Every structure is written in C-alpha cells, then in structure tokens.
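Only a predicted model underlies this, so the values are computations on that prediction, with no experimental measurement involved.
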Amino acid sequence: MSRRPVDPNQSFPALEEQILGRWRERDVFRESVRRRQDAKPWVFYEGPPTANGRPGSHHVLSRAFKDIFPRFQTMRGRLVERKGGWDTHGLPVEIAVEKQLGLSSKAEIEAYGIAEFNQRCRDSVFEFLEDWNALTERIAYWVDLDDAYRTLDPSYVEQVWGAIRQINDKGLLYEGHRVVPYCPRCGTALSSHEVAQGYQDVVDTSAYVRFPVVDPGDSALQPGDALLAWTTTPWTLVANAALAVHPELEYVRVRVTGRPRSEAIPKGDAAPAEPEVVVLAKALLDRVIPTTKPGPENAPVPSGVEYEVLETLTGAQLTGARYTPPFGYIAPEDWGPRGNTILPADFVTADDGTGVVHTAIAFGADDYALGTEAGLTIQNPVGLDGRYDERITDYAGQKVKDVDDQLVEDLRRSGALWLGKPYEHSYPHCWRCGTALLYYAKPSWYIATSKIRDRLVAANEQVTWHPEHVKEGRFGKWLQGNVDWALSRERYWGTPLPVWRCDDEGCDHLHCVGTFDEIQELSGQELPDPHRPYVDELTFACRQEGCSGTMRRVPEVIDVWFDSGSMPFAQRGQTLQETQAAGRWPADYICEAQDQTRGWFYSLLAIATLLQQPDAPDADGTVRATPTTVRALPATPHEGAATAVDRELAGVDAPAGAERRAVDGDTAPGDGDGSGGTATLTASGTALNPTPPFRDVVCLGLILDEHGQKMSKSKGNIVVPWDVIDRYGADAFRWYFFTSKQPWDGYRFSTDAIGEGVRLFLRTLWNTYGFLVMYENAAADSRASTADEGLGDESPSALMDRWIRSRLSATTTEVTERLEAFDVTFAGRAIASFVDDLSNWYVRRSRRRFWEGDPAALATLRECLLTVSQLLAPFTPFVADEIYDNLDGTEPSVHLTDWPAAGPRDLELEAAMETARETVQLGLGARGQSKLKVRQPLHEAVVVAADRERVAIERLSDIVRDELNVHELRFVDNADELGSYEIKPNYRTLGRRFGKAMPQVAEAVAGLDPARAAATVRAGGTVGITIDGADHELSEDDLLLRMEPLEGYQLEREGSHAVALELQIDDALRREGLAREVVHAIQAARKAAGLEITDRIRLTLDGAEELLASAREHEAYVTGETLAVEVEYGRVGAQHHSADVEEQELRVGVLKA
RNA sequence: GGGCGAUUAGCUCAGUCGGUUAGAGCGCUUCUCUGAUAAGGAAGAGGUCCCUGGUUCGAAUCCAGGAUCGCCCA
C-alpha cells in the first residue's frame, strides 16, 4: 500500500481546487443526497438572496452556516435536500433599473412602458449570478443551484397567489386606509424594513403655534386662551384637524408678558405685545417659557418673558373647546362636528413639545387613529406626488417640504407663531433615492396579522433560537407589538396582488384570485406571464347581481417579503398543506443574519401561521373585510383603522352567539396595553398551537472590520471573499467563522485573523497527517496487525494508544452532541483540542514507535486521523476529504461516509494522563528554574503525590521519566521532606456551612498547625475548630492543601502536587548527557547533508576527548539514534560538520552507507 | 426616545452553580526541546474583569443605575 506523498508546504487553495474537480467528477454532492433517498428527511430552507449585487464576506458566513448542518445531518443518515433559491422582485431591483435608464418618477416609468421596464428588471436580477454560483461552489456550500427556485417563476407566483387567496378566505385580507411612510418620489409606501434603512439626521424648522379658543364649550378654558402646540412638520399645519391632550395630564393656564425671540424667524418679534394667556402642560412650562435663566439645551431662549400661572387644569377639563386653526385653507366644518376641537388622547405625553399635540389626521399614525376615533372626515390636501393640491391656494403645486419656512413666516405675520426654531432630529428618508418620507394616509392592502398575534407568539414558543435570547427578546418583543402587514406596493416589478375590483363605483365588488386557471377561466383569456402589465389586461364581468361593471385587477404588487416567506411551499409549486404532506414542512433548520429577524424569519412565521387559520364559512374568493364597513368603530391609538377592522373580522371566524360575544369582549376599547383588538383564535375553536415553519434557527451576527466598524462600500473596508480564499482557502475561511467565536456575537474580521487559524489548526493537522503518510510509506512491511493489538496491555505504548483512542471517543461524542444542538463553535473547538493532543502529545511521545514502524502506532494514528476527517467534514470539507481519500478512500468521498460512532472510553486513563502531564509540566518548570538543559539526564525526580494521583503517575511513569529525562521517579506521600504544607479553608464547602461566620472560620483554619492538620485529614480524620464557643469538625474536603517549598530543593508545585528534581550530576550522568549532545550534533549533520530519515550512515567523529569518550561509552545509543552502521573515532574527512558542545569542539562526518 | 446584545491582558477570545491567587491563543522577552511541524515546552512582562451603588461571609459572575459600542425600532 502506498499513499500519495504529502507536501508539508501544500497550498490549501490549490488543494481545494483539485478537490473541487474530484467532487465534480465523482458527482459527490448529488450522490450524497441520492444515497439518503429513502431516509427520513431533515428539512432545510434556503433563504433566497438577490443576485443583483456581488456576494461579500457576510454571504460566506451565512453560506458556511447553511452548509455545515446539512452536511452533518446527511452523514448522520438523513435526507437533506438543499434547493437553492433567488429573490428576484422588489423595489431595489426597480431602483437599480431606473438609474440605468435615467428614469426618476413613476410617470417616466409608465411612459417608458411597464412591459419593457419589467423586462429590464428581470434581466438585471441575475446580473451577478455567475459570481454567486462561483463563490458558492468555491466555498463548498452544497446547494442545488441548477434547480434553484426563483420568485419570479410562474409556478412560484401562482403559489403566492394561492397563499393570498387562502388568507383572504380566512377573512384576513383587507384594504385599509392607513398612515404609511411614503416616498413621494418613488410614489410608493415603504415597509418598516425599508424605512429603517433611511434615517438621517436633518435640521427642520420646528414651530410652537398658538391655537386661540373661540368656543370653550364644556371646557374650563376662556375664549381667547391660546393653546400652544409644537410641530416639527409645519407643512402639516395647513391640515390641522384637531388638538390632542392627555386627559389625565396636568395643564396650566399662564398669563405671559413679553415675547420669546424666534431663532428661525429673526425678522422681528412675533407680536402682539400685550399680555396673553397660553395653555400648555405644566411639566413643560420651564422648557417652553423659561424666564430667568437659560434652560436645557433645546429650550427657547428667554427674552424678558415673564409669566404667572393662573390655573391648573387636567387635560379632561380642556377637551371639547373649539379653536381657530392657524390656516384657513380648510374650513373647520369640513372635518366634521368635532373638527378643530380639543380631543382626549392617551398617546400624548409631557416628554417633549407642549403636551398639546397638533393633529393632522392624514399625516400621522396617531393622528389618523385619533381622527378615526373622533369620527373626523379625512381631508388630505397633499397629492401622491408630495405637492399641495388646489385647496391650499397659496402653495398649490409646491412640494410640501419646500414651504416649511414660508409657512412659519406666514404664521409669524398672522400672529399665530409663538416661536420658531431649528430642530435637529433623525428623520426617515427613502433608502434608495434619499427623498424625505411623508407619513401619509392612503389606501393600502393589509393582512390582519395583529389579529393572530397570540398565535404567532404560540408558534414562536416552539422554535429553538440560537442564540436563545432572540426568542423572548428581539423577535418575541416584535411579535408582541405586531401590527398588520402592509402588503401592497404601488410599483411594477413584483408579484401582482391577485385582487380584481369592479369598476362600477356603486358596486366595488372585490375578488381574490387563487390560481392561474381561475383567472383564465373567469376572463376567458390566456395569461402569458403573471407579471404586470400582462396580468392587468385580464378582466371579467362583475358577478354581483344587477351589476354590469367590469372586474379589473388592482394596480398594486406585493411586498417581496411575502414572496420569500412563501418559499417553503412556493419553491415546490405546492400549497403549504401539500408540502407538509410530502414531509418537507416545517424546516428542521434555517439560518440567516440577525437583520432578518423582522424580515424573513418573520415573514416565514407569519405566513405559516396565517395559513393554519381556519377558513371562514362562506369563503368564495370575495374580499369581504374592507374597512368601509367599520369606519365608525372605535380604535386604539396605535393601530388605527386596522384595529377597527379586526373587530369586524373577529366576527368572521367566531361561529356565533356566545363565542362571538367573548371575542367582542376581548377587543373592548381601552384595555390599556395598546394592543386591544387582537382577538385570539383559541376562542373560535382552533385551540391547537400552530406549527412554526422552522424548528431551529441560527441567527448570525454582523461582520465588522478589524477596528469594529461595520463593513460598507463607502468606508472601503470591505474584505473581498476571493482575497481570503486565494490566500488561505475556503476551509480556513469557514474554520474561522465556525470556531473563532459564537457566530451571533458578530465578527471582528480581517484577513490576518484567518491566517492564525490556519497556522494553529489546519497546518498542525496537515503535518500530523503528512507525518503518518511518510511513515506508512517508509514502513517496509505491509501491516497485517490490527489496531486492536495490545489493548489491555499496560506497556507505555499501549497506554498511549488507548489514551488517544479514548480521547477520540470523547471528542466524537462531544462533536456529535454539539452539532445536534447547533453549537458549531464548541464542536469545532473540541476537534481543535483533540488535534492538539494528537499532534503535541500522542505523536510527539510516539515518534520512536513510528520510526520503528510500529504497526499499532501507525494504525492508531491512522484511525484517529480518519475519524477526525469525518468529524471535520462538515467544517472544512476539503482538507477532510483529502485526508480521507488518501488514508482510506473506500468511498468516493468522506462526505459519503456515515458519521462515526464513538468508541469506548477509559475515563481513568484519561484522568491519569492528565495528572501525568501536569507532573511533566511541573518537572519541566523545575528544569527551567534549575537552568539544567533537559538533555542532561538527572538521577531522580521526587514526586509528591498520594492515592489516586500517585497510582496514575506510577502507571505512566515511563512517560514522565522520559519527558523529564530522569532515571528514577520517587514518590513521597507528603511533602515533609520537600517542603511544608499550607492549609486553606475551602470556601465552597465551608461558605455554605458557616455563612456569615466565614471570616472566623478562615481565622481558625489559619491558626491550625498545617503539618498536623494535613496529616490528620489525609489519613481520613477530622480537625476541630471552635467558632463562638461551638465545636465544628472539618474533614479533608473542607481544607485545601498547598505545598510550600523547602530551601535547597528545586521544586515546582501546584495545589497538593509537586515535583522536585535532584540536581546533582556525577560523571556518569555528565557523560550520558554529553552523548546526547553528540547525537544532537550528528542529527544536525545528517540534516545538513540532506539525508532521508531512513538513510543509514557511516559515521566519523573527532574533537574533544571527553566528547569522544562519552560517545564511546554510549556507542550503541549513539549509533542507534543516528542509524549509523559503523562509527570511527579520531578522524573525519574534509566533508564534516563542526559543532560546539559545551565549549568543546566536535567534528562529525556522515556518509550515506 | 424605546428594545436587544456586548464590554475580561497590547490583540482575538474562554470563564461552569457566586467560592481560594481570573485563564488560553497570538504578539513581546528569556530559556528549552526537536530527524513530521513556520511546530512544541517552561518562565517572564502584561488586568481598575467599563463605572457606581446594592445583595452576600464572599461578585468578573446576581440586582439597580450610568457610560461606551453594535444592532433593531421609533
């Protein structure tokens, strides 16, 4: 048997390229799945990336983690299908294409043509597909890319439609009017996920504005009192509909003399100068009207203003008063009966502003909710283009954000302005185009997820998160605060919302289509492509009785997160139920970065939970749940109209009668937690907890650069994955991610950090493997002996073999358990620790046996490396496969083998070795202190150890003697001859027993005679102490013994365990030491002569007489060590090697024999 | 502003149930071993365990508040 020679300087990247070729040739990935065809599936879902950008290092991270567990489970015997996937729709794609085409508005896109535009989008989403595929293969992420799902495929889109239809048939789809973050440039609402990416610090003009009371109504206000309200969006003042106060907050009526100076509007005082009465929250008085000294940073500057508090009122005493709005563009009566009055609202706080909140119901979520609750009529003077309409006569056609300052100036002129000042804050902007977002009430399509909030929470309960805290923390909290899913986007490149609306205004019938067949049947037309604009062309006659309208598709497409959240079934072209029946749902494992918490992790969970809801009894595709039917119902502040809808929806699921009342009871307004309106479905008979779509999820952290900065293109601190791969290889890249730290903590990443891992682990492993191959090839005889030979033997070599096998078993068990628990870090570190033991203890201690071709040693090392190659296969698939292939090769790849089972362990031997190694460590420490080289043999080492320790060290005494280079090991039971004991109290046992009295115990222990106390407890006796007059007995466990060294001995100690060296060297020892020096010199000469390790030599020695004499005396040793077939003294040839041994000269001649 | 997480040696990270003198690797200094190894071993230098307060006989560890950093949200 001959193995491929191993190059110690093997380039890993080059090796990996070779192995990739082998995998392709042997079709290893496919074969690994094929072989498990009949096995129980272990389900993995690939969260689809978009391929319209180049993959980066963070993608290597997630792909490494997506790879490792499927590989492991495949070896464990499971069928792990790995279907790749691509996310292909969405606004980012559109924006990129818009830039390419130089388009900047929706009107321009439509002029360009939706068909052509979408074609461009379709082309662009696979622009970097080749890069992705190449990187994926190169880092050994085994995933089926040939059969990858794509969210734009008709079969995929159809299943997304099916899911929406199912959700509709459960009564959970509705069209709502709600305030959404809206980009006037892109012309669409943004999801919270998108908004989050666009916060920027900006300076806006903020204004404190007077709202003079004209009719106090039932309130305690006086006509002419001016409420002060604060806004950072003056452009919304033109649409002021009401003022909001908290009913329980304290407000004050204040008589003010003098005027604050306005920083933003420096054109003069904001007149009039007479004393006036203003009203605001008591708690904010000092910040809004500071009179004496400058207030906190954001407070207006005082300018001789003085005030007198006339009266303190609660918010409730203010409500009902009617006031004059600052602008007259919209008549108060247009808002309805409660327009331009003071309304109570729980969301008002005294944290900032004035405690009186200007409410523009079309431009804020709280505002809208309040408006709905108060029955105000919506008036929205701002168009979808972000410009005022003709109602705002002076500013019609202007962009709202542009006229903030002019509006404030108008207020100053009219006397309504109390104070204007610049205000710096973080405000959301469109994450792609940078336009400031408007919060804007508009119709939009929603899924009533807040209604199933408790079911989402229950599903999450069954998920195991890694790290654990995400479950109750970030993700759990997010579910608790669930709001309805804003599903629609008024865009082009996405899955079209499959809802058709009757164009007869009086009818307004809505139908949700669930399949392509259905729409083709209804319309009698072919659907060539489910995307816009083709799908928009399919229309059909309204089915409503007496209606002659035409059903046309609504213009919206859907949120891309709904696409990706549908992947468990849509990727298979099946419904969720079919997928479940096929055993491919739920997933055993998914993995993405933490930023997916509210992205993919949520969309998967939400869709799965939604689809497990029961159908409404009369489900026929009609969209019934529209907010138009429920407008007058009250709502809680934070969820606005959606909550009102929920109440209506609750009736759909609840069968009838009593249970329905129960649901209504649950949703009574004002139940205080801000989530009222969430009806639990357990009330409607679906008591079983929903199944979550994934069982285990690993949540990866972010990759930071070496300075802890987030990597970004703009900072230029991106680590390009190919650089790492070309330099260190994919195994090293993966190994770094797996073992350097817990993956969710994030990485401080640099190319150098990876190099360290290579040197410490991969190189060590590689050298150990190379070592084995070298000696296997060198051993002349074929090895018939089995690895089991000598087991049970107490010889040092048998003990070493048994020890490393036991360690191997321990490692196998540990790695298996950790990987089953999704803990890569400690699994990897266990392997690293084993490889370290293997290389730096087993191999080092067994070198001579390898040299001699000991079959047991070769077999043991081979077995260890083979098992390591299997354990390592999921981590570093290349090097693992190379080792396996060369050492065994029975299967075409290590990745086709079954996961190794752990062998027996010998715990006693493992512990004994531990002790022996500690003893060696102590002895070497003593050596170091003594300044005597280890090459110089010594007579004796004295080891202080008793009982088990002594037995352990004795058992392995050959090893200890050899490591310390001493002739004898002498044991002493106690330290009397070497040092004295020190005793200390064991806080762990005594602390529990004595508690508060512990300091006295410590004192009492310190007062004991250490030698006698130690002797007593070691003999199994007890020692008495007296605390507060009470006697207590201390046993061996209660005292910790420590060695104190005695003068004159070279001693190292650790706990109760010590090693002393006898330092006297007689002539015989000295000559023995010199003989070793001579051997050392000869070996150096051999190496210098470039001889192979197996070459025999003719040896000649000359030089100092003492050295030659020492060599003569130990000639058998010298020639044996150096493979000399003959040796001659006193003469060397011209070709010789000179060495200096303790300042004496030695000349060495070596000739190949 | 809120939520979540982090903070331990120059750097990267461990640290179990609260327990004696807080560890490892890298890097640095000195020594040492070696016919697999750019490796190994020993010693040394290097610590306000982010800060403050609390609980406790005892806190890196538990609690509260704060600081800084990161992420998510507003």
Side-chain angles (χ1 to χ4, degrees), chain A residues 6 8-9 192-193 195-196 199 349 351-352 365 425-428 467 469-470 472-478 480-481 593-595 597-598 701-702 704 706 708-710 736 739-742 744-750 752-753 755-757 759-760 763-775 825-826 829 832 836 839-841 843-844 847 850-851 920-929 931-935 963 965 984-1002 1040 1042 1052 1055 1079-1080 1082-1084 1086-1087 1091-1095 1121-1123:
Chain A
V6 176
N9 297 315
S192 54
H193 174 258
V195 173
Y199 278 87
T349 68
D351 293 342
D352 51 28
H425 62 153
S426 174
Y427 191 86
H469 61 75
V470 180
E472 299 299 330
R474 187 176 288 194
F475 195 71
K477 294 251 159 73
W478 158 248
Q480 289 294 343
Q594 253 169 29
D595 56 6
T597 309
R598 297 171 184 207
L702 262 88
L704 307 174
E706 55 190 319
Q709 300 281 309
K710 188 176 174 174
Y736 167 80
T739 58
S740 72
K741 61 192 303 192
Q742 299 273 346
W744 35 83
D745 287 339
Y747 294 85
R748 280 204 173 192
F749 175 70
S750 69
D752 291 342
E756 187 178 317
R759 219 170 51 249
L760 280 175
R763 280 285 159 203
T764 305
L765 174 68
W766 188 257
N767 283 323
T768 307
Y769 155 69
F771 177 87
L772 172 68
V773 169
M774 176 165 66
Y775 282 108
T825 315
F826 285 91
R829 287 177 183 177
D836 187 63
S839 171
N840 291 323
W841 191 247
V843 170
R844 187 161 70 81
R847 264 190 306 236
F850 288 101
W851 194 6
V920 168
Q921 190 185 329
L922 292 173
L924 289 174
R927 274 274 186 184
Q929 295 300 312
K931 308 279 185 218
L932 283 174
K933 288 182 174 183
V934 180
R935 266 200 300 271
E963 278 288 316
N965 195 17
K984 291 206 152 194
N986 183 352
Y987 281 82
R988 199 187 279 269
T989 62
L990 296 175
R992 205 162 293 146
R993 210 165 122 195
F994 291 97
K996 256 188 178 65
M998 200 52 215
Q1000 296 166 64
V1001 174
L1040 299 169
R1042 231 184 79 180
E1052 283 290 314
V1079 167
H1080 187 58
I1082 298 168
Q1083 303 292 32
R1086 278 187 64 115
K1087 208 169 189 175
L1091 298 180
E1092 294 296 318
I1093 55 163
T1094 47
D1095 287 338
E1121 288 294 304
T1122 60
L1123 293 185

Please tell me which of the listed nucleotides, [options], lies nearest to the side chain of [X]?
X	options	answer
A:Arg844	B:G40, B:G19, B:U32	B:G40
A:Lys741	B:A38, B:C33, B:A14	B:A14
A:Leu702	B:C71, B:G19, B:G5	B:C71

Original post:
Is the closest side-chain heavy-atom distance between A:Leu990 and A:Met998 below 4.5 Å?
Top reply: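 When only atoms from C-beta onward are counted, A:Met998 and A:Leu990 do touch, with a gap below 4.5 Å.
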Subject >> Geometric cation-pi criterion A:Arg829 and A:Phe826, 6.0 Å radius, 45° cone >> reply: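 Pair A:Arg829/A:Phe826 counts as cation-pi.
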Subject >> Test side-chain hydrogen bond (donor to acceptor under 3.5 Å, both in side chains) applied to A:Asn986 - qualifying residues, sequence neighbours left out >> reply: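 side-chain hydrogen bond (donor to acceptor under 3.5 Å, both in side chains) list for A:Asn986, sorted by chain: empty.
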Original post:
Who pairs with A:Tyr736 by side-chain hydrogen bond (donor to acceptor under 3.5 Å, both in side chains), at least two apart in sequence or on another chain?
Top reply: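 Not a single residue meets the side-chain hydrogen bond (donor to acceptor under 3.5 Å, both in side chains) criterion with A:Tyr736.
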Touch class at under 4.0 angstrom, heavy-atom based, for [X] against every strand present:
X	answer
A:Pro999	sugar-phosphate
A:Lys477	sugar-phosphate
A:Leu760	sugar-phosphate
A:Thr768	base
A:Arg829	sugar-phosphate
A:Gln1083	base
A:Val920	nothing
A:Gly770	nothing

Original post:
Counting distance only, does the side-chain N/O of A:Arg474 pair as donor-acceptor with the main-chain N or O of A:Val470 below 3.5 Å?
Top reply: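 Looks like no, no N/O pair under 3.5 Å.
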Original post:
Do A:Glu1121 side-chain atoms and A:Gln1083 backbone N/O form a donor-acceptor pair below 3.5 Å?
Top reply: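 No; zero donor-acceptor contacts below 3.5 Å.
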Subject >> Pair assignment for RNA chain B - dot-bracket with | for other-strand partners, Watson-Crick or G-U under 3.5 Å >> reply: (((((((..((((.....[...)))).(((((.......))))).....(((((..]....)))))))))))).
For atom [atom1] of [X] and atom [atom2] of [N], their distance in whole Å:
X	N	atom1	atom2	value
A:Arg935	B:G41	CZ	C1'	14 Å
A:Arg598	B:C71	CZ	C1'	10 Å
A:Asp745	B:C13	CG	P	9 Å
A:Met998	B:G58	CE	P	12 Å
A:Tyr747	B:C71	OH	C1'	16 Å
A:Leu765	B:U37	CG	P	16 Å
A:Trp766	B:A38	CH2	C1'	16 Å
A:Gln921	B:A24	CD	P	9 Å

Original post:
So, does the side chain of A:Ser839 form a donor-acceptor pair with the base of B:A39 at under 3.5 Å?
Top reply: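 Absent.
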Original post:
Donor-acceptor pair under 3.5 Å: do we get one between A:Arg474's side chain and the base of B:C71?
Top reply: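 Flag set: donor-acceptor pair detected.
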Subject >> A:Tyr775 side-chain N/O to B:A36 phosphate OP1/OP2 under 4.0 Å >> reply: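 Answer is yes, contact under 4.0 Å.
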Subject >> Under 4.0 angstrom between A:Gln1000 side-chain N/O and B:C57 OP1 or OP2 >> reply: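 So the side chain of A:Gln1000 is outside the cut-off, no N or O lying under 4.0 Å from OP1 or OP2 of B:C57.
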Original post:
Can you tell me how far the CG atom of A:Asn9 sits from the CG atom of A:Asn767, to the nearest 0.5 Å?
Top reply: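 Those atoms lie 8.5 Å apart.
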**OP:** Working to the nearest 0.5 Å, report the span between CD1 of A:Ile1082 and CG of A:Leu1123.
**Re:**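 If I round to the nearest 0.5 Å, the distance is 11.0 Å.
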